[in-house]
Amino acid sequence: MFLDFMKEIEGLIRSALDGCGFELPATGTNDLQLEISPHADLASSVAFRLAPLEKRNPRVIAEDIYNRIVPLREAEWVERVELAGPYLNFFMNRRFLNSVLEQACLDQAWTGKMEGSVVVEHTSANPDGPLHVGHIRNSVIGDTITRILRRAGCQVDAQYYINDMGRQTAMVVWGCDHLKLDGSKADHAVAKVYIQAHKMVKENPELVAEVDRLIQRYEADDSETAAKFQAAAKYAVSGIQETLHRMNIHHDSFRWESEFVRDGSVDQILAELEKTGLCEVKDGALQMNLESFGFEKSMVLRRADGTSLYITRDMAYHRWKSATYDRVVEVLGADHKLVSAQLRTALRLLGIKEPEVVIFEFVSLPDGSMSTRRGKFISADELLDEVEKQAFVEVTARRPEESEEFRREVARQVAVGAVRYDVVRVSADKATTFDWKAALDFEKLSAPFIQYSHARACSILRKAGDGGAFEPSLLASRDEIALIKKIAEFDMVIDRAARELKPHQLATYARELAESFNQFYRFSPVLEAEPGLRAARLALAVAARNALRATLETLGIPALESM
RNA sequence: GGACCCGUGGCUUAGCCAGGAUAUAGCACCGGGCUUCUAACCCGGGGGUCGCGGGUUCGAGUCCCGCCGGGUCCGCCA
């Protein structure tokens with residue numbers, strides 16, 4: 001699809017440049033300055049790049065290139081090139097549009113040729129309570145990246161790293177020893193114990209020693225203690241998973257950080273780090289000095305009591321990931337920026353491939369940041385419940401004749417979509433403030449808009465029956481052509497989002513695709529059209545339905561057939 | 001104090017990494033469209049010193065420097 005069109009144009013320009021004797025220094029990506037433009041299907045402003053090198057007017061250079069472009073009779077997808085001042089404007093031919101339509105109709109246009117294995121670590125919330133509205137930014141971004149990479153063609157392992165050795169988990173274990181889990185949803189029950197335990201320890205500082213002893217015993221692999229830690233972590237994670245499943249989020253594998261202590265890889269990493277000569281024992285703790293790399297704070301690798309720390313275990317985990325997968329991707333909150341940078345520096349020193357880190361900025365509440373420990377958060381479950389409730393009201397208003405079962409199911413699917421879309425549509429590096437009013441207002445720039453387009457397409461197809469043979473060239477109106485072109489962009493959007501790890505680009509595309517379909521729907525009646533045109537439009541409706549379904553699926557949003 | 005991120009119409013936001021032809025969309029506001037495939041939709045309109053000041057460039061929302069405002073981090077927590 002679009003990538004093929006683009007590739008052909010690249011070839012045309014490059015051979016024209018050779019013909020002119022122009023040498024374009026490679027500056028990275030998009031050397032040819034190609035972009036989708038309102039003036040063309042694809043435009044190049046490469047003449048501007050060459051002007052200073054050739055010391056000539058870019059208009060003259062563009063004209064030279066234009067004159068050297070081989071006759072397009074043999075071009076597969078390019079109809080014509082226009083010279084517009086310093087710009088070269090390329091237009092796609094009918095064959096290209098027909099090919100897009102055909103591939104989309106056959107539902108075979110949605111998987112790319114990217115290769116390799118990728119591990120995407122996301123969510124990895126501490127097993128000390130339920131996911132809150134900040135965590136789900138991690139989960140939704142991570143899961144969408146996972147889906148995008150799969151679409152692009154990669155083999156992806158979505159992984160949850162369970163922090164079972166941390167102080168938080170020890171606090172939960174201590175809490176479970178002294179308090180009762182109250183039987184509510186697992187992760188919520190754990191949170192109550194954790195919050196209470198934290199309060200008790202804070203009020204009685206002598207209890208800290210008890211928590212420390214738990215950490216030491218777990219590190220020493222005391223079997224009774226280990227059973228408690230693992231049971232507590234597993235219990236919390238089971239509740240977290242339940243919430244994730246509600247949002248269509250599934251992990252392929254779970255790794256426990258304790259594994260890396262047990263199998264000796266943490267000790268091994270420590271030995272290797274010590275060999276760098278940057279480590280010293282200070283106040284009994286092993287520390288690494290990274291000042292020459294711009295970090296004023298040294299990195300503590302081992303506590304004075306000999307137990308390991310998160311960052312050291314994480315080093316071992318990263319070495320394993322780097323050795324196992326071609327690409328290592330992880331989604332982290334902005335609070336991890338500094339440690340993550342330190343970790344990458346340390347990995348580099350050991351010659352270990354560094355991860356690609358997707359940082360997302362914080363979600364805060366109107367009155368400040370969230371905290372599981374202080375019990376100050378809005379849980380993902382609560383959010384989903386409320387959005388679902390509101391969605392039920394909306395469905396009931398629009399489809400009062402439908403059964404309650406139908407309306408409940410639609411509300412559930414709309415809620416999942418609304419929550420996911422609301423999170424993924426914003427670029428990860430924008431800090432946001434959670435707002436109930438905005439969360440429950442999913443009327444317009446939101447998932448239902450896209451789901452609705454899909455449902456409309458399905459409705460046409462339900463009523464139309466089998467369209468049979470059709471003449472694609474009949475699709476020539478502005479809205480029909482625009483829709484085909486938008487469908488064609490799918491592979492390029494996926495490819496780019498997969499390389500840049502920016503899922504919000506797909507959210508933007510989804511909105512544009514739905515918009516194009518809605519315009520087609522409004523201006524090009526399908527069922528009432530003349531037989532020939534009807535068949536062609538029906539084919540376009542199938543193509544659009546498939547494109548919308550693939551897009552929604554990649555966003556993890558249910559593609560409802562009726563709503 | 002230091003490091004990193006953000007600042008685009010009243011509000012939310014794309015474009016910034018790879019500088020180019022009239023700056024994207026939604027909400028809200030004004031006007032129009034359901035006897036026609038689901039109006040959770042479509043069409044039109046008003047509204048922008050792209051935080052501020054320098055610089056680089058033929059050209060800056062996009063790159064560089066400084067400042068202002070907001071966020072995050074700077075634990076033998078994770």
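In what follows, chains are A, B, ... by sequence order, proteins preceding strands, each numbered from 1.
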Spacing of [X] atom [atom1] relative to [N] atom [atom2], expressed in whole Å:
X       : N      : atom1 : atom2 : value
K297(A) : C74(B) : NZ    : P     : 10 Å
L34(A)  : A21(B) : CG    : C1'   : 16 Å
R511(A) : U12(B) : CZ    : C1'   : 13 Å

Please work out if [X] contacts a base, only the sugar-phosphate, or nothing of the nucleic acid, heavy-atom cut-off 4.0 Å.
X       : value
A43(A)  : base
Q451(A) : nothing
R399(A) : base
R496(A) : base
S37(A)  : base
D283(A) : base
V300(A) : sugar-phosphate
D435(A) : nothing
S524(A) : base
Q168(A) : base

Residues 32-58 of chain A vs ring-ring contact (aromatic ring centres under 6.0 Å, His included), sequence neighbours excluded, gives F48(A)-Y87(A)
If you compare every side-chain N and O of [X] against the phosphate oxygens of [N] (OP1, OP2), does one of them come in below 4.0 Å?
X       : N      : answer
K430(A) : G7(B)  : yes
R522(A) : C34(B) : no
R303(A) : G75(B) : no
Y521(A) : A39(B) : yes
R456(A) : A39(B) : yes
K282(A) : C76(B) : no

Of the candidates C5(B), G15(B), U36(B), the side chain of E528(A) sits closest to U36(B)
Charged tip of R408(A) within 45° of F392(A) ring normal and under 6.0 Å:
yes
NZ or CZ of R456(A) within 45° of Y521(A) ring axis and under 6.0 Å:
yes
As a quick check of understanding, evaluate side-chain contact (heavy atoms from CB on, under 4.5 Å) for I36(A) and E489(A), giving each step before the final call.
CA-CA 10 Å; I36(A) 292 180; E489(A) 279 178 38; 3.9 Å; yes
Carboxylate-amine/guanidinium contact R313(A) E257(A), below 4.0 Å:
yes
Between C65(B) and G45(B), how far is it from one P atom to the other, in whole Å?
41 Å
Assigned partner base of [N], Watson-Crick or wobble definition, under 3.5 Å:
N      : answer
G66(B) : C52(B)
G1(B)  : C74(B)
C29(B) : G45(B)

Residue-level proximity of residues 207-220 of chain A to RNA chain B when a heavy atom falls under 4.0 Å:
none
For each nucleotide in nucleotides 58-73 of chain B, reading 5' to 3', give B when a protein heavy atom comes within less than 4.0 Å of its base, S when such contact involves only the sugar-phosphate, and - otherwise.
-------------BSS
No-hydrogen, no-angle side-chain donor-acceptor test under 3.5 Å, [X] and [Y]:
X       : Y       : value
T345(A) : Q342(A) : no
E330(A) : H318(A) : yes
D164(A) : S258(A) : yes
E280(A) : Q287(A) : no

Going by the angle between their ring planes, with limits at 30° and 60°, are Y317(A) and Y161(A) parallel, tilted or perpendicular?
parallel
Do any N or O atoms of the protein come closer than 3.5 Å to N or O atoms of nucleotides 44-47 of chain B, and which pairs are they?
none

With nearest nucleotides of RNA chain B determined for A84(A) and N518(A) from heavy-atom distances, which residue corresponds to the more 5′ nucleotide?
A84(A)
Derivation and outcome, side chain to side chain donor-acceptor pair (under 3.5 Å), residues E219(A) and S308(A):
CA-CA 8 Å; E219(A) 185 100 9; S308(A) 62; 3.0 Å; yes
Just to verify, what does S369(A) make a side-chain hydrogen bond (donor to acceptor under 3.5 Å, both in side chains) with, not counting sequence neighbours?
none
Identify all side-chain donor-acceptor contacts of residues 128-135 of chain A below 3.5 Å with residues at least two apart in sequence or on another chain.
from	atom 1	to	atom 2	distance (Å)
H132(A)	ND1	G134(A)	N	2.9
H132(A)	ND1	H135(A)	N	3.4
H135(A)	ND1	H132(A)	N	2.9

